[in-house]
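Working notes for the structure below.
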Amino acid sequence: MNIKEILSSLPLGTAIQLNGWVRTFRNEQFIALNDGSCISNLQVVVNADALSEEDSKRIHTGACISVHGTLTESLGKGQAIELTASKVEVLGESNPNEFPIQMKKHSLEFLREKAHLRFRTSTFSAVFRLRHQLSFAIHNYFNQNGFVNIHAPIITGSDAEGAGEMFTVSNFDLENPPRKEDGTIDFGEDFFGKHTHLTVSGQLEAELAALALGKVYTFGPTFRAENSNTSRHLAEFWMIEPEVAFNDLAANADLAEDFLKYCIRYVLENGKEDLLFLQEREATEDKQKPTEERQTAPLIERLEFVANNTFERITYTEAIDILLNSSHYKKKKFKYPIEWGIDLQSEHERYLVEKHFQKPVVLTNYPAAIKAFYMRLNEDQKTVAAMDILVPGIGEIIGGSQREERYDVLLEKCKQFNIPEESMWWYLETRKFGTCQHAGFGLGFERLVMYVTGMTNIRDVIPFPRTPKNAEF
RNA sequence: UCCUUAGUAGCUCAGUUGGUUAGAGCACAUGACUGUUAAUCAUGGGGUCCCUGGUUCGAGUCCAGGCUGGGGAGCCA
């Protein structure tokens, strides 16, 4: 029996054995015990006969103990049930002079440097339980809707995906790699016989599968060697990429909206206690902040709002019009220019989502020049069938498109984007053999976890974040 | 990569114009108390003031360079 089960069934009078970690030891008599099964602690009442004085001095915050005892109605006010111990055994001590986690508020920055121990805190155990709930919800959603999970390769030989800087995968002796006559490194001699990288996206592989299996999705790690130092970027992150044959852009947006709402509802139903804890935490933090930086509504209310409201759908062109006609623009409050043909800046996206619509927004049909080569060219020859979903607080959470399925048009786009045809031969072939309309999108898993937990730094929603200059643990 | 801000006890922070032995709360140890809820009270121990160099009679404080963290921007998911 774990604490979650005990607190949901309240089995008074039951004799049990329970293992867990000490959060606090008050008055040399009361242990707040946590076993990770839920956010709540169980109070263990220790009388002198259950614990020797010697062992009593070995119990500190962080220690692991095993308790035999009986579940009884609590005499204190803070809890309904408590475990009256008949025997307490210290399984693992925790030297209080060295153990850095205390039963007080620690800064998230400090805990980031103690990533191996931060699981022991209420905040991080809640975040990682919710991360699991979301991961499970994602597989659930796609499975229930007839999608096939495709494991895209992590090591890739394609070097033209255009999604960012890539990490090289090599078996060479870095001191002395084989070189060609012109002095450049001869990757022909390397393990795979060519220059290989860690994948930046499983999309292209997912497309290959979708053009046979119909509905597929990938959910795996991806890697970007960009020198991005922000609270929204990681060098190693997990991405969900569904790809559906015969879907157009509208169907793609329908799928993305339905999928996001399902994940949020799933967490509201299955992770309520952890959400409540994080909501409280956020409210406490907000009290320290100036009014304009505070959240507009409590966490659970924000999630329910997204789950129950239709996302706003507008085109890029309409978005530009809204921005140009806004009083914000007329008062010259935007730092960056707004003009058809250039990409929207963070401040513009925030304005649309947080001020103008105050709900998630699906932006579609961007100018072709600012989007990737594989996006389908629209009839106007100027825009592509792209879509970004923007949410308050995070910004872009989903990026997707209807893909260019016409061989000639795709070949032309490759030329425009300086992508060598021979490196993409396998991708182009799908457009020669039984091509069809299809669409998909990518969702950054950590951004979803951020949105659902209300955490504001992406490094706090993945157990061991990989960022520039940091690969500890 | 750019802008900005910070780095002082295990943690959170104060430290005045450059001036004697660098402080507080929490944590920890000891004692008191014993149905507590981050218990309380008393006493005590605890410092590479991020690193390197410089200015000065004297640097936690001023200057230069570097390292690391935070916030923002770009790139994006």
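All chains are named by letter (A, B, ...) in the order of the sequence lines, taking the proteins before the strands, and each is independently numbered beginning at 1.
Residues of residues 71-95 of chain A that place a heavy atom closer than 4.0 Å to RNA chain B, in numerical order, are A/Ser74, A/Leu75, A/Gly76, A/Lys77, A/Gly78, A/Gln79, A/Glu82. Of the residues in residues 464-473 of chain A, those placing a heavy atom less than 4.0 Å from an atom of RNA chain B are A/Lys469, in numerical order.
The NE2-P distance, from A/His233 to B/G72, rounds to 12 Å in whole Å. For the pair A/Ile370 CD1 and B/C75 C1', the computed distance is 13 Å after rounding to whole Å. Straight-line distance from the CD1 atom of A/Ile389 to the C1' atom of B/C76: 16 Å, rounded to whole Å. Whole-Å rounding puts the A/Arg112 CZ to B/G69 P distance at 10 Å. In this structure, A/Met239 atom CE and B/C76 atom C1' are separated by 10 Å, rounded to whole Å. Rounded to whole Å, atom C1' of B/A9 lies 16 Å from atom CD of A/Glu98. If you take CG of A/Leu111 and P of B/G70, they are 13 Å apart, rounded to a whole angstrom. Atoms CZ (A/Phe25) and P (B/C33) sit 17 Å apart, rounded to a whole Å.
Ring-plane geometry between A/Tyr217 and A/Phe147 is classed as perpendicular, the angle between the planes exceeding 60 degrees on a 0 to 90 degree scale with a lower cut at 30. Ring planes of A/Phe223 and A/Phe167: perpendicular class, angle over 60° (limits at 30 and 60°).
Contacts of A/Tyr336 with the nucleic acid, taken as non-hydrogen atoms under 4.0 Å apart, involve only primed sugar atoms and P, OP1 or OP2. The residue A/Phe30 sits close to a base: some heavy atom pair falls under 4.0 Å. Note on A/Glu109: only backbone sugar-phosphate atoms sit closer than 4.0 angstrom, heavy atoms only; bases stay farther off. Looking at heavy-atom distances under 4.0 Å, A/Ile398 makes contact with sugar-phosphate atoms alone, never a base. Backbone-only engagement by A/Asn457 is indicated by non-hydrogen atom pairs under 4.0 Å involving sugar-phosphate atoms exclusively. Using a 4.0 Å heavy-atom distance criterion, A/Ile397 is classed as a sugar-phosphate-only contact.
A close approach under 4.0 Å does not occur between any side-chain nitrogen or oxygen of A/Arg26 and OP1 or OP2 of B/U36. A/Ser107 has no side-chain polar atom (N or O) that falls below the 4.0 Å cut-off from OP1 or OP2 of B/C11. OP1 and OP2 of B/C75 both lie 4.0 Å or more from every side-chain N or O belonging to A/Arg232. Put simply, A/Ser231 has no side-chain N or O that comes within less than 4.0 Å of OP1 or OP2 on B/G70. Look at A/Asn227 and you'll find a side-chain N or O under 4.0 angstrom from OP1 or OP2 of B/U1. Residue A/Gln43 places none of its side-chain N or O atoms closer than 4.0 Å to OP1 or OP2 of B/U36.
Taking a pair to require two hydrogen-bonding distances under 3.5 Å in either a Watson-Crick or a G-U wobble arrangement, B/G74 remains unpaired. With a cut-off of 3.5 Å on both Watson-Crick or G-U wobble distances, the partner of B/G69 is given as B/U5. Base pairing of B/U17 is not made with any nucleotide, judged by Watson-Crick or G-U wobble geometry with both donor-acceptor distances under 3.5 Å.
With hydrogens and angles left out, the side chain of A/Ser228 and the base of B/C75 share a donor-acceptor pair within 3.5 Å. Not a single donor-acceptor contact under 3.5 angstrom links the side-chain atoms of A/Glu226 to the base of B/U1. Applying the 3.5 Å distance criterion, the base of B/U1 shares a donor-acceptor pair with the side chain of A/Asn229.
A centroid separation of less than 6.0 Å is found between the aromatic rings of A/Phe334 and A/His348.
The pair A/Lys87-A/Asp55 fails the salt-bridge criterion, with no side-chain N (NZ, NE, NH1 or NH2) lying under 4.0 Å from an Asp/Glu carboxylate O. The pair A/Arg313-A/Asp254 meets the salt-bridge criterion, since a charged nitrogen lies less than 4.0 angstrom from a carboxylate oxygen. A salt bridge is absent between A/Arg58 and A/Glu54: the closest approach of a Lys/Arg side-chain nitrogen to an acidic carboxylate oxygen does not fall below 4.0 angstrom. Look at A/Arg129 and A/Glu273 and you find no salt bridge, because none of the NZ, NE, NH1 or NH2 atoms lies under 4.0 Å from a carboxylate O. For A/Glu446 and A/Arg131, the salt-bridge test passes: some basic side-chain N is under 4.0 Å from an acidic carboxylate O.
Checking side-chain atoms of A/Arg466 against main-chain N and O of A/Leu234 turns up no donor-acceptor pair under 3.5 Å. Formation of a donor-acceptor pair under 3.5 Å by the A/Arg118 side chain with backbone atoms of A/Pro463 is found in this model. Side-chain atoms of A/Asn470 never come within 3.5 Å of backbone atoms of A/Pro465 as a donor-acceptor pair (strictly under, hydrogens ignored).
Heavy atoms of other residues, nucleotides or ligands lying less than 6.0 angstrom from NZ of A/Lys4 number 12 at most. At most 12 non-hydrogen atoms from other residues, nucleotides or ligands lie less than 6.0 angstrom from CZ of A/Phe136.
Taking the C1' atoms as reference points, B/U30 lies 10 Å from B/G45, given to the whole Å. Comparing the same atom, P, in B/C2 and in B/G65 gives a spacing of 14 Å after rounding to whole Å. Going from the C1' atom of B/G71 to that of B/U52 covers 28 Å, rounded to whole Å.
Among the candidates A/Phe473, A/Phe128, A/Phe124, the single residue satisfying the ring-ring contact (aromatic ring centres under 6.0 Å, His included) test with A/Phe119 is A/Phe128.
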Might you list the N or O atoms of the protein lying below 3.5 Å from N or O atoms in nucleotides 28-32 of chain B, with each pair's distance?
from  : atom 1 : to      : atom 2 : distance (Å)
B/C28 : O2'    : A/Asn97 : OD1    : 3.0
B/A29 : OP1    : A/His60 : NE2    : 2.9

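Residue-to-nucleotide proximity on RNA chain B shows that, of A/Gly444 and A/Glu113, the 5′-proximal contact is made by A/Glu113.
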